[in-house]
Structure formats: structure tokens, C-alpha cells
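Working notes, beginning with the structure itself.
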Amino acid sequence: MKIFIVGSTGMLGSECRKVLSGDHEVFCPERKEVNIANWDVVIESLTEVSPDVILNCVGFTDMEASEKEDFDVRKINVEGPRNLAQASARFGCKMVHISCGHIFDGQKPIPQPYFEDDPPNPMSAYGKSKLESETAVRGNSPNYIIVRSMCLYGLTGKNLIKSILAKALARRSKVLQVPKDQFGAPTWSYRLALQLKELVENNGRGTYHATASGCCSRFQFVEHVLNRLEIKTPVEPCRLKDLKQTVDYPANCLLENRLAKKQGVDVMVDWKEDLDRFLEASGDELIKEARKR
Ligand SMILES: NC(=O)c1ccc[n+]([C@@H]2O[C@H](COP(=O)([O-])OP(=O)(O)OC[C@H]3O[C@@H](n4cnc5c(N)ncnc54)[C@H](OP(=O)(O)O)[C@@H]3O)[C@@H](O)[C@H]2O)c1
């Protein structure tokens, strides 16, 4: 298949590029070549490539900045996906779009997960923009896959593990305060890329959840990462509200991959299994990068 990947310099997009290029012909324009918010540029580049699949890994993913930068968030998270969805209808190709669990309010009792058809109720500007992106894709592309994930980590770009290491290594003598009342299943971006490949190759359609299996609190996650990397910074449990953040982060970030399981295409594994593999392979590099900051 010819797969047109936008956002291929980001955390998820770079893994998709690697994973899909083995068996498919991939086209990975950078942002400076294809700004997805520009309809004319989108149409021009798709006319050239004529892909079977458009894979949208673009996102304005900084949740705190999303509360203030409404114009950019809408351009990147809503207008861009709408352009791609309309273009997919025009070119008769499949559109794959990535969304997230922030479209839910996170109020379900732990450990009940959110299912694909649970009613959305986003609490943040970022979550609202992702929900709008889903509506734009569903309303404009006759052949779409929407995949919602959560708590991604990887080697490229900013993410959870890098911010933990930056804090732990910058303030060795201090205690890290981490919430014990926020739960999720941290998911390796490489594994999510494998899941996207599986869905594309099996002609998936509709809205899927795709996160690692199992569940942990943010506190358990951070403790696990620091133990594995033998970083001695002490970690102290706190509550989400103690952190006085400017964004309402959901307490329950658990998604159940119900549709993929039902269709026999779920390739996700336990969060700890992938995390250990990732830290084993990339821990030294991450520590080196965090120390440079
Ligand atoms: N990170 C998470 O925990 C998480 C969880 C669930 C779902 N998601 C979703 O997964 C997707 C990918 O997230 P990520 O964390 O991999 O993102 P990321 O690392 O921040 O990468 C974003 C990518 O989008 C590109 N981009 C930004 N604006 C663009 C524009 N106007 N036109 C073309 N390209 C543009 C960036 O290019 P430059 O590098 O040139 O800026 C970069 O390649 C997003 O839809 C996000 O909402 C993320």
C-alpha cells in the first residue's frame, strides 16, 4: 500500500514511519513541506502521491499551552484533520486519525475503563479539540479509522518518561511528588504503531481504543521507571489536586480495546512488559539526554 504519513517527525509518527516502511511504500513529508492546516498544500501533495491511506500523526499535544493557544490548537487539531478527511473522500483513500482518552471526563470509578462508545465529556481545551477532530473525521471521510490512545512514551519528542527523568536528575536531593490517584496504562508509541499497521492491513473501520493492557497509578509508574534505571531520587505519593495544575487532568485514563479484541486484531501487551523492554533498550540514552538539559 502507499501510505502518506503526516507528523512523521513526532513521537508516534517516527515509529509509524519505521514500522510501516518495511512492508509498504511510505511518504513522509515534513511540516515545512505539508502544513495540514493548508488545504491547497494538502490537495497538491496528495495529487502527487495518490495514496491508499492517509495516516495523521500530527497533533498540538501540549495540554497546558492548549488552554491558551486556541488559534493554533484549532488549526492543527481540528482544521488539519478536517482537511485530510475531506481529501481522503476526494481521493477515495482511507484516513487514519489518532485521538485520545482526554475526550472523556475521567470520572469513572477505577478500575473501570472507558469503552469506544462511552459518551465523551472532555475537561480540557486539548480534549475538546480532539473530540472535534473526531467529529470532523467522521463527518468528512467515508472510510476512516480513529484510534484513541493515552499516556504515550517513546524516544522521539517530549513525553512522560523524559519529563520524569528531567525532574529526577535535575533535583536529586529533592523529593518528587507524584499523584497516586491518577490511573492509566502507559503505552509505548512503537507498540501503538504496530497496532495501527495491524488495523490498516486488516481493513479496520470505525473507532478503536488502543492502549497497553493492565493498569497502574502515576506514582507506581514513576517508581517503576526510576527503580529500573537505578535513579535514587525519592518519590512521594500525592493527590492530583495537590499539584495545582492549570489543566484538569483526568483521574481515570483507562481505555478498553474492546473493538480490536472483538475483531481479533488487538496487538497491545501489558504496560510493564513494554516499559521494561523500552527502558532496557533506551534507558541510557534517555538518562544522557536528561543530564544534558
Ligand atoms: N503524546 C501522547 O501521550 C498521546 C496520547 C494519545 C494520543 N496522542 C495523539 O497522537 C498523535 C501524535 O502525538 P505525538 O505525541 O506523537 O505528537 P508530537 O510528538 O508532538 O508530534 C507532532 C507532530 O505533528 C507535526 N505537526 C505539528 N503541526 C503540524 C502542521 N500544522 N502540519 C504538519 N505537521 C504538523 C510535528 O512536526 P514538527 O516536528 O515539525 O513540529 C510533529 O511531527 C496526536 O494526534 C496526539 O493527539 C498522543
Side-chain angles (χ1 to χ4, degrees), residues 4-19 27-42 45-46 54-66 69 71-85 87 95-104 106 114 122 124-134 136-137 145-164 182 184-193 195-196 207-212 218 221 247 249-250 253-255 257 268 271:
F4 186 83
I5 308 177
V6 280
S8 65
T9 53
M11 174 169 54
L12 176 61
S14 57
E15 297 290 358
C16 288
R17 179 185 195 145
K18 274 184 256 162
V19 162
F27 297 83
C28 299
E30 289 190 13
R31 180 187 196 154
K32 58 180 183 292
E33 296 158 316
V34 177
N35 175 350
I36 64 163
N38 185 326
W39 169 253
D40 292 338
V41 170
V42 166
S45 52
L46 288 171
I54 300 171
L55 169 54
N56 179 25
C57 294
V58 169
F60 188 114
T61 53
D62 183 330
M63 287 193 64
E64 291 183 12
S66 296
E69 295 172 35
F71 181 78
D72 286 340
V73 175
R74 290 199 61 77
K75 284 255 168 238
I76 295 169
N77 285 359
V78 184
E79 288 176 32
R82 182 179 297 119
N83 284 342
L84 296 172
M95 158 104 188
V96 183
H97 176 66
I98 317 301
S99 185
C100 66
H102 289 283
I103 66 145
F104 299 117
Y114 284 88
S124 60
Y126 174 68
K128 285 178 191 150
S129 74
K130 295 304 288 186
L131 180 58
E132 273 190 69
S133 77
E134 292 192 9
V137 171
I145 297 177
I146 292 174
V147 176
R148 297 186 190 129
S149 194
M150 203 63 173
C151 314
L152 291 180
Y153 62 84
L155 206 49
T156 309
K158 290 185 191 166
N159 65 64
L160 216 57
I161 296 184
K162 290 188 183 182
S163 64
I164 295 164
Q182 186 183 36
T187 301
W188 191 7
S189 46
Y190 166 71
R191 183 70 56 189
L192 181 57
Q195 181 66 75
L196 295 173
T207 303
Y208 294 82
H209 285 180
T211 55
R218 177 69 74 105
F221 172 68
V247 180
Y249 287 96
C253 303
L254 294 164
L255 303 180
N257 310 338
M268 308 307 279
W271 69 272

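Numbering of ligands and ligand atoms starts at 1, following listing order. For reference, positions follow the sequence shown, starting with 1.
- At least one heavy atom of I36 sits less than 4.0 Å from an atom of ligand 1.
- For the pair N56 and I98, the minimum side-chain heavy-atom distance is 4.5 Å or more.
- One option in G7, G13, P29, G59 has a heavy atom closer to atom 22 (C) of ligand 1 than any other, and that option is G59.
- Using a 4.0 Å cut-off between charged nitrogen and carboxylate oxygen, E79 and R82 do not count as a salt-bridge pair.
- Residues R31 and I76 have side chains in contact (heavy-atom distance under 4.5 Å, counting atoms from C-beta outward).
- Residue contacts with ligand 1 do not include G80, since none of its heavy atoms lies under 4.0 Å from the ligand.
- Contacts between I76 and ligand 1 below 4.0 angstrom, taking non-hydrogen atoms only, involve the side chain exclusively.
- Looking at atom 45 (O) of ligand 1, its nearest protein heavy atom turns out to be K130 NZ, 2.8 Å.
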Worksheet item: Run the side-chain contact (heavy atoms from CB on, under 4.5 Å) check on K130 and N77 step by step: do they pass?
Response: CA-CA 6 Å; K130 295 304 288 186; N77 285 359; 4.1 Å; yes

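- F221 is listed as a side-chain neighbour of I161, based on a closest heavy-atom distance under 4.5 Å.
- Residue-level proximity to ligand 1 for R148 is absent, since no heavy atom of it falls below 4.0 angstrom.
- Every atom of ligand 1 with a heavy atom of C100 under 4.0 Å away is listed here by number and element: 6 (C), 7 (C).
- Taking 4.0 Å as the cut-off, E30 does not count as a neighbour of ligand 1 on heavy-atom distance.
- In terms of protein heavy atoms, atom 12 (C) of ligand 1 is closest to C57 O, 3.3 Å.
- At the top of the distance list for atom 41 (O) of ligand 1, counting protein heavy atoms only, stands R31 NH1, 2.9 Å.
- A 4.5 Å side-chain heavy-atom check between L152 and N159 finds every atom pair outside the cut-off.
- With a 4.0 Å heavy-atom cut-off, ligand 1 is reached by no atom of S189.
- Protein heavy atom at the shortest distance from atom 15 (O) of ligand 1 is M11 CE, 3.5 Å.
- Scanning the protein heavy atoms around atom 7 (C) of ligand 1, the nearest turns out to be S99 O, 3.3 Å.
- The closest side-chain heavy-atom distance from F27 to S45 is not below 4.5 Å.
- Within ligand 1, counting atoms from 1 as listed, the ones closer than 4.0 Å to a heavy atom of S149 are 6 (C).
- Looking only at side-chain heavy atoms (C-beta outward), T61 and K158 stay at 4.5 Å or farther from each other.
- Contacts of V34 with ligand 1, taken as heavy-atom pairs under 4.0 Å, involve the backbone alone.
- The side-chain heavy atoms of F104 and R148, taken from C-beta on, include a pair separated by under 4.5 Å.
- Of all protein heavy atoms, the one lying nearest to atom 20 (O) of ligand 1 is T61 OG1, 3.1 Å.
- With ligand atoms numbered from 1 in the order given, ligand 1 contributes 37 (O), 38 (P), 39 (O), 40 (O), 42 (C), 43 (O) to contacts under 4.0 Å with heavy atoms of T9.
- Between the T207 side chain and the I146 main chain, no donor and acceptor come within less than 3.5 Å of each other.
- Ligand 1 has an N or O atom lying under 3.5 Å from an N or O atom of L152, backbone or side chain.
- For H102 and S124, the side-chain atoms include no donor-acceptor pair closer than 3.5 Å.
- Remark: minimum distance from atom 31 (N) of ligand 1 to any protein heavy atom is reached at N35 OD1, 2.9 Å.
- Contact annotation: G157 has no heavy atom less than 4.0 Å from any atom of ligand 1.
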Worksheet item: Would V19 and Y190 count as a side-chain contact (heavy atoms from CB on, under 4.5 Å) if you check the C-alpha gap in whole Å, the side-chain angles of each, and the deciding distance to 0.1 Å?
Response: CA-CA 8 Å; V19 162; Y190 166 71; 3.7 Å; yes

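- Contact between Y126 and ligand 1 is present, with at least one heavy atom of the residue lying under 4.0 Å from the ligand.
- Of the listed options L12, N83, V58, V58 places a heavy atom closest to atom 44 (C) of ligand 1.
- Within the 4.5 Å cutoff, no side-chain heavy atoms of N83 are placed close to those of I36.
- Among all heavy-atom pairs drawn from V78 and A136, the shortest one is O-CB, 4.4 Å.
- Nearest protein heavy-atom contact of atom 10 (O) of ligand 1 is I98 CG2, 3.3 Å.
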